[in-house]
Amino acid sequence: MPELPEVETIARDLAPQITGRTIVRMRHDRTPPVFDEHSLPAALLVGRSIEHVGRAGKFLVITLDDDLRLAVHLRMTGNLLFSKDGRPVDRTRAVIEFDNATRLVFADVRKFGRMRVFRGEARTTLGIGVDPLASELDDAMLRDLTRGRTTPVKVWLLDQKRLAGVGNIYACESLYAAGIRPKKPVGKLSRAQRYRLLASLRRVLRKAIQHRGSSVDDYVDAGGKEGEFQKHLKVYGRAGLPCRRCGAPIRRIVLGQRGTFYCPVCQR
DNA sequence: ATCAGCACCTGTTGGC
DNA sequence: TGCCAACAGGTGCTGA
């Protein structure tokens, strides 16, 4: 489910609600564990107050005092819900309670989502690459990251160790916007294609953030509301339907074990 | 180094 | 209508 725009939406909504609050209680499932094997003890969070809410790739990153951070990865079906009442939430896996009786609820149907308590810099600790929206990523950096690589560009976009935040929906949508075939070896993109890819990635991701993310299936924001960007998807999930630009049927193939959608006419 | 295959979980959908 | 296989926004591990 959640990719960069969805996590960014949650982070922006959550920041004004929980910044400055102190965590007074926390509970979580143990089987399967909510906190991954690299996590410091979750109990360290109790008594700490929240200084900042941000995002690194697809991780929501909450910075607390005592140099502590909490990273949350929603994987496929995780939801982070901010609750002002005590009403129970379906599929709850963890609850963080604040000093004003509000709560952050982590719910997850498939139980793939994980949290991690750690100290230090997020990107290094989490082992993720550069953010597509970061200013440090420019054409020269993208060239260096992709040079000589024969991986299909679609598969490359999903590798979080290099570029962090792009998932299946936005990889497909960005390649459509850039007019590039998903199978094209990433190291063989022309300079013009590479330039278009970076511009398209940013345009699509920013537009998706403006529309509060895509709710294709389970995604809802911290207030429980769906996003709007699924209404603007050009190729994702549209196999067999006409391309909105040229009318040719959108094709679905499998690349890197993931469904991949593209227009065989508009994407070269 | 790379990559296909599978594992982790549960729910929904489409075909027969 | 019913059953079962395939598939789902993600990632990590294993073995070739």
Side-chain angles (χ1 to χ4, degrees), chain A residues 1-10 29-39 55-60 71-80 89-94 106-116 123 125-129 132 145-176 182-183 185-187 201 204-205 208-209 211-221 226-241 252-261:
Chain A
M1 154 214 143
E3 306 180 27
L4 185 156
E6 291 75 30
V7 180
E8 182 68 26
T9 300
I10 293 171
D29 283 1
R30 311 201 139 268
T31 52
V34 170
F35 287 86
D36 73 25
E37 66 272 35
H38 305 294
S39 181
R55 177 189 62 75
K58 298 176 191 172
F59 290 88
L60 183 93
V72 183
H73 198 303
L74 272 16
R75 295 284 181 101
M76 296 284 269
T77 54
N79 288 126
L80 270 178
V89 175
D90 236 25
R91 317 283 180 176
T92 292
R93 300 218 69 218
F106 178 45
D108 188 0
V109 169
R110 289 175 75 176
K111 306 179 185 176
F112 289 164
R114 291 289 182 273
M115 303 206 234
R116 185 190 294 189
R123 256 180 68 189
T125 308
L126 299 170
I128 57 177
L145 285 169
T146 58
R147 181 151 31 203
R149 305 209 157 266
T150 56
T151 318
V153 57
K154 159 69 163 31
V155 175
W156 187 88
L157 287 171
L158 297 181
D159 184 351
Q160 304 297 301
K161 288 188 284 299
R162 299 192 167 79
L163 188 69
V166 180
N168 210 25
I169 292 180
Y170 299 107
C172 292
E173 294 298 314
S174 300
L175 288 171
Y176 175 81
K183 270 194 222 171
V186 70
L201 268 172
V204 168
L205 292 170
I209 292 169
H211 289 269
R212 306 186 55 77
S214 301
S215 292
V216 168
D217 202 14
D218 299 286
Y219 170 72
V220 289
D221 63 28
E226 296 196 338
E228 299 288 331
F229 196 66
Q230 66 278 9
K231 298 169 187 166
H232 301 272
L233 298 178
K234 303 284 208 312
V235 288
Y236 184 84
R238 298 192 69 247
L241 297 173
R252 179 188 187 275
I253 59 173
V254 175
L255 277 186
Q257 288 93 249
R258 315 293 306 280
T260 301
F261 302 86

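Given the structure is predicted, the values throughout are model-derived calculations rather than measurements.
For A/Arg116, the side chain to side chain donor-acceptor pair (under 3.5 Å) partners at least two apart in sequence or on another chain are A/Asp36. Looking at residues two or more places apart in sequence or on another chain, you find no side chain to side chain donor-acceptor pair (under 3.5 Å) involving A/Ser174. For A/Pro132, the side-chain contact (heavy atoms from CB on, under 4.5 Å) partners at least two apart in sequence or on another chain are A/Leu4, A/Leu163, A/Val166, A/Leu205. Judged as a ring pair (Phe, Tyr, Trp, His ring centres under 6.0 Å), and not counting sequence neighbours, the contacts of A/His211 are A/Phe229, A/His232. Scanning for side chain to side chain donor-acceptor pair (under 3.5 Å) contacts around A/Arg147 gives A/Asp144, with sequence neighbours left out. Among residues two or more places apart in sequence or in another chain, the side chain to side chain donor-acceptor pair (under 3.5 Å) test is passed with A/Arg123 by A/Glu136. The side-chain contact (heavy atoms from CB on, under 4.5 Å) test applied to A/Pro33 returns no partner, not counting sequence neighbours. For the ring pair (Phe, Tyr, Trp, His ring centres under 6.0 Å) test, residues two or more places apart in sequence or in another chain that qualify with A/Phe35 are A/His28.
At the heavy-atom level, A/Tyr236 lies under 4.0 Å from the strands shown only through sugar-phosphate atoms. Looking at heavy-atom distances under 4.0 Å, A/Arg252 makes contact with sugar-phosphate atoms alone, never a base.
Rounding to whole angstrom units, CG of residue A/Asp108 and C1' of C/dA8 are separated by 13 Å. Note: CG (A/Asp29) to P (B/dC8) measures 18 Å, nearest angstrom. A straight line from CG of A/Asp218 to C1' of C/dG10 spans 13 Å, rounded to a whole angstrom. Regarding A/Leu158, its CG atom lies at a distance of 15 Å from the C1' atom of C/dG12, rounded to whole Å. In this structure, A/Leu74 places its CG atom 14 Å from C1' of C/dT11, rounding to the nearest Å. Regarding A/Leu163, its CG atom lies at a distance of 12 Å from the P atom of C/dT11, rounded to whole Å. Separating the CG atom of A/Asp36 from the C1' atom of B/dC8 is a distance of 14 Å, rounded to the nearest angstrom. Computed from coordinates, the A/Ile128 CD1 to C/dG10 P distance equals 14 Å when rounded to whole Å.
An OP1 or OP2 oxygen of C/dT11 is reached within less than 4.0 angstrom by a side-chain nitrogen or oxygen of A/His73. Between A/Lys58 and the phosphate of C/dT11, there is a side-chain N or O to OP1/OP2 separation shorter than 4.0 Å. Look at A/Arg258 and you'll find a side-chain N or O under 4.0 angstrom from OP1 or OP2 of C/dG10.
In this structure, A/Leu201 and A/Leu157 approach most closely via the heavy-atom pair CD1-CD2, 4.1 Å.
With both ends at atom P, the span from C/dC3 to B/dC9 equals 26 Å, rounded to whole Å.
With A/Thr151 contributing its side chain and A/Trp156 its backbone, the two residues share no donor-acceptor pair below 3.5 Å.
At a cut-off of 3.5 Å, with distance as the only test, a side-chain donor of A/Glu6 or A/Tyr170 sits close to an acceptor on the other residue.
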| For DNA chain C, what is the dot-bracket line, given that a base pair needs Watson-Crick (N1 to N3, plus N6-O4 or O6-N4) or G-U wobble (N1-O2 and O6-N3) geometry with both distances under 3.5 Å, and | means paired with another strand? | .|||||||.|||||||
Please tabulate the protein-to-nucleotide N/O contacts below 3.5 Å involving nucleotides 9-13 of chain B, giving atom names and distances.
residue, atom, partner, partner atom, Å
B/dC9, O2, A/Arg110, NE, 2.6
B/dC9, N3, A/Arg110, NH2, 3.1
B/dT10, OP1, A/Lys111, NZ, 3.1
B/dG11, OP1, A/Arg91, NH1, 2.9
B/dG11, OP1, A/Arg91, NH2, 2.3

Atom pairs under 3.5 Å: protein N/O with N/O of nucleotides 3-6 of chain B:
residue, atom, partner, partner atom, Å
B/dG5, N7, A/Gln257, NE2, 3.0

Considering only distance and modelled atom types, tabulate donor-acceptor pairs under 3.5 Å from the side chains of residues 233-240 of chain A, sequence neighbours left out.
residue, atom, partner, partner atom, Å
A/Arg238, NH1, A/Lys234, O, 3.1
A/Arg238, NH1, A/Pro242, O, 3.1
A/Arg238, NH2, A/Pro242, O, 3.1

